[in-house]
Amino acid sequence: MAALGRSRRSCLAVPGSSVKMLGKAQGLPADQVFLDLEDAVAPLAKPEARKNIVAALNEGEWAGKTRVVRVNDLTTPWTYRDVIEIVEGAGASLDCIMLPKVQSAAHVEWLDLTLTQLEKSLGLPVGGIGIEAQIENAAGLVNVDAIAAASPRVETIIFGPADFMASINMKSLVVGALIPSYPGDPYHYILMRILMAARMHDKQAIDGPYLQIKDVDGFTEVARRSAALGFDGKWVLHPGQIDAANEVYSPAQSDYDHAELILDAYDYYTSEQGGRLGAVMLGDEMIDEASRKMALVISAKGRAAGMTRTTAFTPPA
Ligand code: GLV
Ligand code: MG
């Protein structure tokens with residue numbers, strides 16, 4: 001399975017133009033925050049937002065959260081200055097740069113080289129700042145394998161549904177919602193395509209925003225779909241969505257307990273003492289090496305979420 005790395009069940013968007021929200025976000029239970037310089041910040045507010053973000057990263061108390069800054073995309077005039085100001089100002093207090101609307105490996109390579117230069121000139125560990133690549137149009141999706149492989153810095157591949165829907169002329173205004181006139185899930189192919197690239201290159205797959213921020217049930221329904229496929233987390237735009245994301249992208253307690261039980265049981269039965277068996281019964285269930293691999297996924301997600309098991313394996317007397 002893909003290494004989970006940093007926990008990112010909930011990735012909270014915080015506009016860099018709002019000093020108030022940059023302060024409030026620090027006390028919220030999101031796994032990740034991303035401080036936004038892109039679409040949540042008006043062009044005229046971008047220079048000040050850069051300064052707000054540098055101050056918030058340096059002076060804030062982020063309490064173990066993954067700290068990310070979303071810069072503007074490479075078709076705009078702002079990207080290079082975003083990256084330089086943020087990394088020069090707060091590179092030591094930053095985990096990743098998020099690059100939106102990535103269209104090719106070259107976009108990631110540009111960011112990788114720029115970060116390397118900055119890290120060298122600032123005396124920061126080279127490669128220390130990760131990259132999150134947002135897929136938001138057809139070019140990005142078609143090139144997603146190359147994008148995922150473009151730099152070892154890439155930690156996540158993120159679906160940006162709102163921009164994506166606009167870019168392919170999708171006939172809907174409600175991000176993530178099923179479309180009554182289409183007899184299926186219109187996002188299935190896109191999500192799976194991103195997930196395959198992420199898993200092939202050992203990256204995390206992150207689902208994008210749900211814009212009806214007061215509708216937590218709607219958020220949960222959309223989140224459950226990508227979680228069922230294997231996505232690691234989802235953006236949250238409002239504090240009310242955080243608990244739902246943390247729950248949906250963590251295993252259920254009973255699944256976590258069962259996974260740990262399978263791992264212990266399989267460990268025992270494959271051992272000398274347990275009889276060197278490759279396929280055994282655990283209760284009514286046959287378990288083998290593939291069961292162990294599935295259990296490893298659930299167990300890793302549970303451990304990353306800080307879960308504690310409530311059952312133990314007892315070898316037969
Ligand atoms: C996020 O950036 C989106 O476009 O959905
Ligand atoms: Mg977008």
Side-chain angles (χ1 to χ4, degrees), residues 8-18 21 25 30 32-43 45-46 49 53 66 68-76 78-79 82 96-104 107-108 111 131-144 147 154-179 185-195 198 204-213 215 218-219 221-223 225-227 229 231-238 241-242 245 249:
R8 286 182 168 101
R9 298 164 304 171
S10 49
C11 307
L12 176 66
V14 190
S17 47
S18 168
M21 287 172 82
Q32 166 173 315
V33 286
F34 76 86
L35 315 183
D36 197 14
L37 285 171
E38 203 218 15
D39 284 357
V41 178
K46 290 190 196 281
I53 288 177
T66 301
V68 178
V69 174
R70 180 167 73 162
V71 297
N72 289 279
D73 83 82
L74 276 164
T75 64
T76 71
W78 300 300
T79 325
D82 290 344
C96 295
I97 294 282
M98 185 189 298
L99 191 60
K101 301 178 180 70
V102 176
Q103 303 195 43
S104 67
H107 285 193
V108 173
L111 182 55
I131 294 177
E132 302 204 335
Q134 236 191 316
I135 302 299
E136 308 198 72
N137 54 36
L141 194 68
V142 168
N143 293 325
V144 67
I147 288 167
V154 175
E155 295 188 17
T156 66
I157 308 291
I158 305 167
F159 177 37
D163 275 303
F164 200 99
M165 288 163 72
S167 84
I168 63 166
N169 297 357
M170 197 183 263
K171 206 175 159 210
S172 167
L173 282 171
V174 185
V175 168
L178 299 181
I179 302 173
D185 177 348
Y187 306 98
H188 182 75
Y189 168 73
I190 309 165
L191 290 171
M192 271 309 215
R193 189 70 199 82
I194 288 174
L195 187 63
Q204 292 189 21
I206 305 295
D207 196 2
Y210 183 74
L211 304 180
Q212 275 65 24
I213 59 172
D215 179 6
F219 172 91
E221 190 192 315
V222 173
R225 277 188 235 135
S226 67
L229 297 178
F231 270 60
D232 300 293
K234 183 170 176 64
W235 281 15
V236 293
L237 303 182
H238 185 267
Q241 297 176 330
I242 296 176
Y249 292 94

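The figures that follow rest on heavy atoms only: side chains count, while hydrogens, waters and symmetry mates do not. Both counts, for ligands and for their atoms, begin at 1 and track the order of listing.
When OD2 of Asp163 and OE1 of Glu136 are joined through the Mg ion (ligand 2), the resulting angle is 90° to the nearest 10°.
Residue Gly208 places no heavy atom under 4.0 Å from ligand 1. Contact annotation: Pro161 has at least one heavy atom less than 4.0 Å from an atom of ligand 1.
Close contacts between ligand 1 and Trp235 involve ligand atoms 1 (C), 2 (O) [criterion: under 4.0 Å to a heavy atom].
Contacts between Gln134 and ligand 1, counted as non-hydrogen atom pairs separated by less than 4.0 Å, involve the side chain only. Contacts of Pro209 with ligand 1, taken as heavy-atom pairs under 4.0 Å, involve the side chain alone. Contact annotation for Arg70 and ligand 1: only side-chain heavy atoms (C-beta onward) come within less than 4.0 Å of the ligand.
Ligand 1 has no N or O atom lying under 3.5 Å from any N or O atom of Phe164, backbone or side chain. Of the polar atoms of Glu38, none of the N or O atoms is found under 3.5 Å from an N or O of ligand 1, judged by distance alone.
Closest approach of Phe231 and Ile194 over heavy atoms only: CZ-CG2, 4.0 Å. Scanning all heavy atoms of the two residues, the minimum distance from Ala30 to Leu12 falls at CB-CB, 3.8 Å.
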When you look at Asp207 and Ser226, which way does the side-chain hydrogen bond (donor to acceptor under 3.5 Å, both in side chains) test go after all the steps?
CA-CA 7 Å; Asp207 196 2; Ser226 67; 3.0 Å; yes
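Atom 5 (O) of ligand 1 has its closest protein heavy atom at Ala162 N, 2.7 Å.
Atoms CD1 and NZ, from Ile179 and Lys171 in turn, are 9.0 Å apart once rounded to the nearest 0.5 Å.
Formation of a donor-acceptor pair under 3.5 Å by the Tyr187 side chain with backbone atoms of Gly176 is found in this model. A donor-acceptor contact shorter than 3.5 Å links the side chain of Asn72 to the backbone of Leu37. Put simply, the side chain of Asp232 never gets that close to the backbone of Ile206: no donor and acceptor are under 3.5 Å apart.
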